[in-house]
Amino acid sequence: MVFCKRFMFVLSLSLVVVFASACSSKSSAGGSGGGDADDFPSKDITIIVHTSPGGPTDTMVRKLAEVTEPILGQSIIVENKKGGSGAAQMAALQSGGSDGYTLASITPTHVGAWNSNLKEQYGPEDFSFVTRVQLDPYILAVNAESEFKTLEELRSYMKENPGELKVGGYGAVGSGHNVAWNIFADSAGVEGVWTNYESTSDAVTALLGNHIDVANSNPGKVKQYVESGELRVLGVFNDKRLESMPDVPTYEEAGVPIDVEWAQFRGIYTNADVPDEVLKKLSDAFLEGMHTEEFENYMKDAQKEYGDMDHKEFSEFIDKQMEVNKDWLEKLGIQ
């Protein structure tokens, strides 16, 4: 009888230990891999960039990591995984789990991919959107030798001569730049021949050489050529004038009212199921880092606009971008 009592006591104690260990393990891993949000972050954070080193997205992420490290109290490691319209990055991101320690860069490239070539593999429901960091508004530029001095002059000529002018930009039909051009063309009632390039810089180079008539670009890509008098910017795809180009009217000011929901943006996202508390900590830290003197100087030098959005606002923004992009892909006949 004494043996049985001792056996039952030992068995009960063992079960308690096993149960406590299981609960502790579950608490650490969490249903979403979130861990204890109160202790976040307790180790290095990784941000995976979907482009090559040195590009505008890579530069933004590295500068953001630099100014946010002191705020979070942990190192932020930046890695590059390009390829497949972001597919390589998304695969690497998802392998990192949902604890908030693996993040990634996001641009309109992702939106387009989720509506087209990657829609069977990934979608916005697979991810959480942390912070929208910056906007890089689309602009329309011409060579300084061009006869077009204003956006209205360009519009009038294109209405009278449909399909005559060549318009160049980064990406094929359906790309972010192409959608931006088509939104303008649709509102202005004009037609142009789209010429796609491997980068925005290539399109600007083609404009400098008069190989195309108009370029759909971004402010930073044409800055030096505008200052040197080689290029002229006719209008900006934005709801207000840019600080970096105060003399350039918006499309609406130039007589072409458009829906400015579509935007060239850059931000940070992560996997779905990251705890809200962790998303808030990350978002708050990035937003604080974005408004340090160092980051503000970078934004000014790069001629970028602030895109401040926390994770809730950014999620709503992505939903709207998906709708606009889907509508335009259908209009352009892209499946």
Side-chain angles (χ1 to χ4, degrees), residues 107-109 111-112 115 132 134-142 146 148-163 165-196 200 203 207 212-222 232-266 303-307 309 313 316-334:
T107 68
T109 294
V111 174
N115 270 328
R132 193 180 75 171
Q134 69 180 200
L135 297 173
D136 197 5
Y138 299 110
I139 60 170
L140 287 179
V142 296
S146 170
F148 309 118
K149 302 297 189 295
T150 67
L151 197 63
E152 180 55 38
E153 290 179 0
L154 175 68
R155 178 190 187 188
S156 297
Y157 183 90
M158 295 188 76
K159 286 177 73 73
E160 296 174 5
N161 303 274
L165 298 187
K166 293 181 179 180
V167 182
Y170 170 48
V173 173
S175 67
H177 278 269
N178 177 258
V179 168
W181 161 253
N182 277 290
I183 290 174
F184 166 79
D186 183 63
S187 297
V190 301
E191 294 180 19
V193 178
W194 181 257
T195 305
N196 65 291
T200 305
L207 184 64
I212 55 177
D213 302 293
V214 185
N216 197 95
S217 183
N218 306 98
K221 293 297 182 181
V222 301
R232 179 166 51 249
V233 178
L234 302 182
V236 56
F237 189 126
N238 203 36
D239 58 356
K240 60 182 179 180
R241 296 194 182 199
L242 307 182
E243 290 185 13
S244 59
M245 295 182 172
D247 297 329
V248 178
T250 66
Y251 290 175
E252 183 167 5
E253 287 178 326
V256 184
I258 60 168
D259 182 352
V260 294
E261 292 289 350
W262 185 245
Q264 173 71 42
F265 69 91
R266 298 185 182 94
Q303 294 202 325
K304 303 295 188 291
E305 302 290 310
Y306 272 98
M309 280 187 176
E313 295 171 312
E316 295 173 357
F317 172 81
I318 292 295
D319 288 341
K320 183 61 178 179
Q321 293 289 286
M322 288 292 292
E323 292 176 11
V324 174
N325 181 258
K326 183 180 179 181
D327 288 345
W328 272 101
L329 291 183
E330 290 176 353
K331 289 180 182 179
L332 297 171
I334 299 174

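Positions are given from 1, in the same order as the sequence printed here.
Considering only heavy atoms from C-beta on, M322 comes within 4.5 Å of N115 through its side chain. Looking at heavy atoms from C-beta onward, L207 lies out of side-chain contact with V222 at the 4.5 angstrom threshold. A 4.5 Å side-chain heavy-atom check between V167 and V193 finds every atom pair outside the cut-off. Contact of the V214 side chain with the L234 side chain is not registered, since no non-hydrogen atoms from C-beta on lie closer than 4.5 Å. Between P219 and I139, the closest side-chain pair of non-hydrogen atoms falls below 4.5 Å. The closest side-chain heavy-atom distance from L332 to W194 is not below 4.5 Å. Between E261 and E323, the closest side-chain pair of non-hydrogen atoms is not below 4.5 Å. Between L140 and F237 the shortest side-chain heavy-atom distance does not fall below 4.5 Å.
Formation of a donor-acceptor pair under 3.5 Å by the R155 side chain with backbone atoms of A254 is not found in this model. Using modelled atom types, one side-chain atom of R232 and one backbone atom of F148 make a donor-acceptor pair closer than 3.5 Å.
Y306 and L135 make their closest contact through O-CD1, 4.0 Å (heavy atoms, listed as atom of the first residue, atom of the second, distance). For the pair V256 and S187, the tightest heavy-atom approach, listed with the atom from each and the gap, is CG1-CB, 3.8 Å. Considering every non-hydrogen atom in both N325 and G112, the closest pair reads OD1-CA, 3.5 Å. What you find for A203 and G168 is that their closest heavy atoms are CB-C, 4.2 Å. Residues A172 and N178 approach most closely at O-CB, 3.5 Å, considering heavy atoms.
Legend: residues meeting side-chain contact (heavy atoms from CB on, under 4.5 Å) with Y170, ordered by chain and number and at least two apart, are H177, T200. Contacts of Y157 classified as side-chain hydrogen bond (donor to acceptor under 3.5 Å, both in side chains), with partners at least two apart in sequence or in another chain: E164. In this structure, N238 has no side-chain hydrogen bond (donor to acceptor under 3.5 Å, both in side chains) partners at least two apart in sequence or on a different chain. S156 pairs by the side-chain hydrogen bond (donor to acceptor under 3.5 Å, both in side chains) definition with E152, not counting sequence neighbours. Applying the side-chain hydrogen bond (donor to acceptor under 3.5 Å, both in side chains) test to K166 and every residue at least two apart in sequence or in another chain returns nothing.
The line from CD of E191 to CG of D186 is 10.5 Å long, rounded to the nearest 0.5 Å. Going from atom OG1 of T195 over to atom CG of N216 covers 12.0 Å, rounded to the nearest 0.5 Å. From R266, atom CZ reaches atom OG1 of T107 across 7.5 Å, with rounding to the nearest 0.5 Å. Atom CD of Q303 is separated from atom CG of N218 by 11.0 Å, given to the nearest 0.5 angstrom. Within the model, atoms CZ of R132 and CD of Q321 stand 8.0 Å from one another, a figure rounded to the nearest 0.5 Å.
Proximity of the aromatic rings of F317 and F265 is defined here by a centroid distance below 6.0 angstrom, and this criterion is met.
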Please tabulate, for the side chains in residues 242-252, all donor-acceptor contacts under 3.5 angstrom to protein atoms that are two or more places apart in sequence or on a different chain.
from: T250; atom 1: OG1; to: E253; atom 2: N; distance (Å): 3.1

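The 12-atom threshold is exceeded at NZ of K149, counting heavy atoms of other residues, nucleotides or ligands nearer than 6.0 Å.
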For this session: Test side-chain contact (heavy atoms from CB on, under 4.5 Å) on W262 and N182 and set out the steps.
Result: CA-CA 11 Å; W262 185 245; N182 277 290; over 6 Å; no
